[in-house]
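Below, chain A is the first sequence line, B the second, and so on; all start at residue 1.
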Protein chains: 2
Amino acid sequence: MELHPALAVLAPLVGRWRGEGRGEYPTIEPFTYGEEATFAHVGKPFLAYTQRTWSLDTGAPLHAEAGYWRAGGDGRIEVTLSHPFGAVEVLVGTMAGGRLHLASQAVVTTPTAKRIDAIERDIDFDGDVLRYRIRMAAVGEPMTHHLAAELSRSS
Amino acid sequence: MELHPALAVLAPLVGRWRGEGRGEYPTIEPFTYGEEATFAHVGKPFLAYTQRTWSLDTGAPLHAEAGYWRAGGDGRIEVTLSHPFGAVEVLVGTMAGGRLHLASQAVVTTPTAKRIDAIERDIDFDGDVLRYRIRMAAVGEPMTHHLAAELSRSS
């Protein structure tokens, strides 16, 4: 099936990715993780996205997220994401020079979840390698680096 | 893998569901759709949820949504959802008398999406049959019935 023309700017994301990452934040111990992410399409102007991570030590599931990546044709990218710990994100951004930069328009958390105020995501593309960095302002901390990972396209 | 004890209240949802539904709203022509929904778990206190619908006439994909269903153990249920048309939902609710009632705590839409102000979801369980109704206040309309479907558990 052909990619919807509006998604041309997001074409570098399409496929299944695997790799490893490292997490840190002022309020937690640093940790490492394995990750698999999939960006798929059905011919409509959005990519369906799912991601899961696991402990490199035990293989136990750590995090997951799911959502949709949209492109308006004017270069503006919109992302809607859900998290199992009780949060949703709406991000907006643009692709420039092989880097996709996204900043949260809104983060909403459920009554029992830890508070997150804002999130920024950068993704750098280099063929079949993708590197992302995520910063967040959460639990009273200012915007601070949280996650960095390198993934390779496996299909 | 055993269901996390906190999810006991959501156990009736677990599995793969298929069926048909009908949509209507003051601003659109009524329509019918086929639907498949999956609620899966990895032993942690949330269900991973994905859903897709298609035209009963042509089989073409219509809608999809993805997210997570959490239960706190006190009977309170929290849901985080993403939509490909550019919206996220946070819903909270409870299960009582075989009915799960959820109301949006927040709905956030992206800059290019149609505005949605509030959503209510009711799900009635009857063994391997599930019936849901969704109401929404959107595009200037008050809280109004939008979707009704009946799904059967297939696994």
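Residue with the most contacts toward chain B among A:Ala113, A:Pro61, A:Ala106, A:Gly67: A:Pro61 (heavy-atom pairs, distance under 4.5 Å). Counting heavy-atom pairs closer than 4.5 Å to chain A, the top-ranked of the candidates B:Gly86, B:Pro84, B:Ala66 is B:Pro84. Counting heavy-atom pairs closer than 4.5 Å to chain A, the top residue among B:Leu81, B:Leu47, B:Thr50, B:Val42 is B:Leu81.
Following chains of ILVMFWY side-chain contacts shorter than 4.5 Å, one can reach B:Leu130 starting from B:Trp69, so the two form part of one hydrophobic cluster. Taking hydrophobic clusters as Ile, Leu, Val, Met, Phe, Trp and Tyr residues chained together by side-chain heavy-atom distances below 4.5 Å, A:Val90 does not share a cluster with A:Tyr132. Residues B:Leu147 and B:Ile28 fall within the same hydrophobic cluster, defined by Ile, Leu, Val, Met, Phe, Trp and Tyr side chains chained together at heavy-atom separations under 4.5 Å. Both A:Val79 and A:Ile134 are part of a single hydrophobic cluster, where members link through side-chain heavy atoms under 4.5 Å apart. Residues A:Trp17 and A:Leu100 share a single hydrophobic cluster, defined by chaining ILVMFWY side chains whose heavy atoms lie under 4.5 Å apart.
Of the two parts of A:Ala60, neither the backbone nor the side chain holds a non-hydrogen atom closer than 4.5 Å to a non-hydrogen atom of chain B.
Using a distance-only test at 3.5 Å, with no hydrogens or angles considered, a donor-acceptor pair links the side chain of A:Thr80 to the main chain of B:His83. In this structure, A:Lys44 contributes its side chain and B:Leu62 its backbone to a donor-acceptor pair below 3.5 Å.
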Original post:
Under the side chain to side chain contact (heavy atoms under 4.5 Å, CB included) criterion, do B:Val108 and A:Val108 qualify, and how do the steps go?
Top reply: CA-CA 8 Å; B:Val108 182; A:Val108 182; 3.8 Å; yes
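Nearest heavy-atom pair, A:Ser82 versus B:Tyr68, reported as atom, atom and distance to 0.1 Å: O-CE1, 3.4 Å. Residue B:Pro111 comes nearest to A:Gln105 through the heavy atom pair CD-OE1, 3.1 Å, listed as atom of the first residue, atom of the second, then distance.
Residues A:Arg76 and B:Thr112 have side chains that never bring a donor and an acceptor to within less than 3.5 angstrom of each other.
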